[in-house]
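Letters A, B, ... are given to chains in the order of the sequence lines, protein chains preceding strands, and every chain is numbered from 1. Owing to the predicted nature of the structure, the values given are computational and were not obtained by experimental measurement.
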2 protein chains.
Amino acid sequence: MTAASPSKSRGPKPTKVDPDQLLDAAQAVFAEAGLQAASLRAIARRAGCDPALIYYHFDSKEALFAALLQRRFPGVLKDVERLAEASDLRPTAQRLWEVLLIYHRHLSQDPGIRSLVRGEIAKGAEGITGLIEGQMRPVVTAIRRVFEQGLERGELRPGLHPMLATFFLVKMQLEILDVAPVMLPRFMDLPPEEAVVAGMRAWFDLFWRGVARDPSAPLPPLPDPIV
Amino acid sequence: MTAASPSKSRGPKPTKVDPDQLLDAAQAVFAEAGLQAASLRAIARRAGCDPALIYYHFDSKEALFAALLQRRFPGVLKDVERLAEASDLRPTAQRLWEVLLIYHRHLSQDPGIRSLVRGEIAKGAEGITGLIEGQMRPVVTAIRRVFEQGLERGELRPGLHPMLATFFLVKMQLEILDVAPVMLPRFMDLPPEEAVVAGMRAWFDLFWRGVARDPSAPLPPLPDPIV
DNA sequence: TGTCCAATTCAACAAGCGTTGAATTATGTG
DNA sequence: CACATAATTCAACGCTTGTTGAATTGGACA
């Protein structure tokens with residue numbers, strides 16, 4: 001029982017499914033199932049090919065996931081780094097709000113990456129630690145610079161720890177993108193589409209009053225996220 | 001090869017491993033691996049028994065997990081409900097801080113439950129929705145009452161939405177318990193043991209300035225969590 | 001002593017997983 | 001037209017998983 005009947009139709013045309021399509025499929029499946037539970041067979045099914053093909057383009061399941069991160073993070077980093085330039089003299093409130101918008105723009109379509117980053121971090125990020133750190137640290141550092149500049153300009157309250165503030169801002173934004181659409185409609189009277197924006201805005205109002213030097217001063221007009 | 005050599009020592013003494021010990025083992029394994037990845041064999045190994053024994057005490061893996069939740073939530077609810085009594089006239093800041101302490105007290109030893117609740121919520125909580133809702137809603141409602149009382153007493157800023165505030169407070173507390181010990185030492189110079197407390201305190205300072213009617217008023221003295 | 005019963009183990013099941021090696025095909029190039 | 005080659009599939013491997021049915025044990029009770 002080593003070799004069976006070789007009769008079915010076999011090989012196909014060249015370049016029917018390129019690596020990028022595989023990444024799209026992987027993203028969708030990871031998003032629904034999480035890293036552990038997402039199976040290569042499900043990803044292949046989604047992409048309309050054989051599981052073995054994944055191994056032609058990627059070394060392993062983990063490498064596939066790594067490629068997925070590598071595809072998204074540079075865009076976030078580029079936007080955040082432009083925002084963090086010292087020459088940007090807009091009000092700090094506006095710039096911090098912009099951080100949320102960047103996350104929203106890049107990651108709102110991509111629950112897989114969010115929940116994965118979140119999940120892997122929470123469990124100690126064994127295995128892909130290096131990758132996450134390499135991709136995440138520059139983003140985090142850039143945001144931190146915005147807080148430091150805000151402190152120098154006297155727009156944030158003196159005792160504020162820029163790293164902790166960064167941590168709270170980013171973490172809560174990820175949470176809102178993930179959890180708000182599920183939870184807020186359940187506990188409040190909000191349709192899921194509105195829940196994210198309402199949650200973002202309410203969270204930022206609260207956050208800003210927490211970090212501002214003068215919490216009673218009115219916020220500058222902030223643009224709405226494109227939904 | 002249907003029946004093998006029946007020679008080993010088989011059955012044992014009565015009540016060697018009771019359901020509670022199984023729950024302890026399950027909790028530990030769930031904590032390390034998450035709901036999906038935790039295997040019944042690993043749980044049984046931890047408890048020092050056969051995997052089949054789990055099915056003697058529980059209907060399925062999911063039922064085991066449900067029992068785990070059922071064991072912890074009532075304690076949280078009891079404490080939170082006592083805190084939410086309208087006769088409690090302590091400053092709202094102090095009562096809200098107390099909410100964090102309750103979570104810390106009941107869940108800090110129990111990362112499994114936290115990450116599970118978090119994970120299941122994030123992915124839509126299919127399967128155990130009813131259970132989570134049944135256990136969680138009364139807790140959330142009680143905390144909300146504290147915010148409503150704070151609003152009535154004029155200690156919170158008038159526009160504040162009590163449900164959103166509850167959501168932010170609880171969500172961020174869960175995040176801090178989970179993520180701070182992993183992330184803060186990595187981005188700041190803090191040993192893991194101190195990271196949680198420092199994170200809790202910094203988060204609450206920020207949060208309170210965000211919700212307080214008079215953010216510049218000094219906070220009442222708040223007790224430290226017992227670490 | 002014999003019998004019942006709750007507690008426990010054993011052995012096996014079907015299914016799903018990540019992964020690999022060999023076979024197949026379609027195309028571009030000489 | 002032949003050939004090399006990149007893209008794809010097939011079939012299988014060894015492993016782990018949740019779950020089950022039958023067998024076994026040891027104490028309680030008559």
Side-chain angles (χ1 to χ4, degrees), chain A residues 1-26 29-30 32-68 116 120 126-128, chain B residues 1-26 29-30 32-68 116 120 126-128:
Chain A
M1 267 188 235
T2 25
S5 53
S7 58
K8 286 253 186 98
S9 79
R10 274 281 187 82
K13 332 97 214 190
T15 191
K16 185 186 76 179
V17 176
D18 62 29
D20 235 52
Q21 291 175 265
L22 278 179
L23 285 178
D24 289 341
V29 175
F30 278 137
E32 287 167 10
L35 176 53
Q36 275 274 357
S39 79
L40 293 178
R41 283 170 170 84
I43 293 171
R45 213 177 306 130
R46 187 91 156 215
C49 72
D50 192 274
L53 184 59
I54 298 176
Y55 283 86
Y56 181 75
H57 290 296
F58 303 94
D59 284 343
S60 64
K61 186 184 180 182
E62 196 175 291
L64 177 65
F65 172 60
L68 210 55
L116 281 171
E120 295 304 309
E126 306 286 340
I128 51 171
Chain B
M1 264 187 235
T2 24
S5 52
S7 58
K8 289 251 186 99
S9 79
R10 274 276 188 86
K13 331 97 210 187
T15 189
K16 183 185 79 178
V17 176
D18 61 31
D20 235 51
Q21 292 175 266
L22 279 178
L23 285 178
D24 289 341
V29 175
F30 277 138
E32 287 167 11
L35 177 53
Q36 275 274 358
S39 78
L40 293 178
R41 282 171 171 83
I43 294 172
R45 211 177 308 129
R46 188 89 153 217
C49 71
D50 192 273
L53 183 59
I54 298 177
Y55 284 85
Y56 181 75
H57 290 296
F58 303 95
D59 285 342
S60 65
K61 186 184 181 183
E62 196 175 290
L64 177 64
F65 172 59
L68 210 53
L116 282 171
E120 295 304 309
E126 306 286 340
I128 51 169

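Contact check, A/S39 against C/dC17: a side-chain N or O comes under 4.0 Å of OP1 or OP2.
Closest approach of A/L68 to A/A26, counting heavy atoms only: CD2-C, 4.4 Å. The shortest non-hydrogen separation linking B/A67 to B/F58 is CB-CE2, 3.7 Å. The two residues A/H57 and A/V17 have their closest heavy-atom pair at NE2-O, 3.6 Å.
Under the side-chain contact (heavy atoms from CB on, under 4.5 Å) criterion, A/A52 pairs with A/D50, sequence neighbours left out. By the side chain to side chain donor-acceptor pair (under 3.5 Å) test, B/D59 pairs with no residue at all, sequence neighbours left out. Legend: residues meeting side-chain contact (heavy atoms from CB on, under 4.5 Å) with A/Y55, ordered by chain and number and at least two apart, are A/L40.
A straight line from NZ of B/K61 to C1' of C/dG16 spans 13 Å, rounded to a whole angstrom.
Comparing the start and finish of the helix from C/dT1-D/dA30 to C/dG30-D/dC1, five pairs each, the helix axis swings through 10°, to the nearest 10 degrees.
Rounded to the nearest 0.5 angstrom, A/F65 CZ and A/L23 CG are separated by 12.0 Å.
The salt bridge (charged side-chain N to carboxylate O under 4.0 Å, His left out) contacts involving residues 33-44 of chain B comprise nothing, where partners must be two or more places apart or lie in separate chains.
The stretch residues 41-58 of chain A touches DNA chain C through A/R41, A/A52, A/Y55, each having a heavy atom under 4.0 angstrom from the strand.
As judged by a 4.0 angstrom heavy-atom cut-off over every strand, B/A38 is placed among residues touching the sugar-phosphate backbone only.
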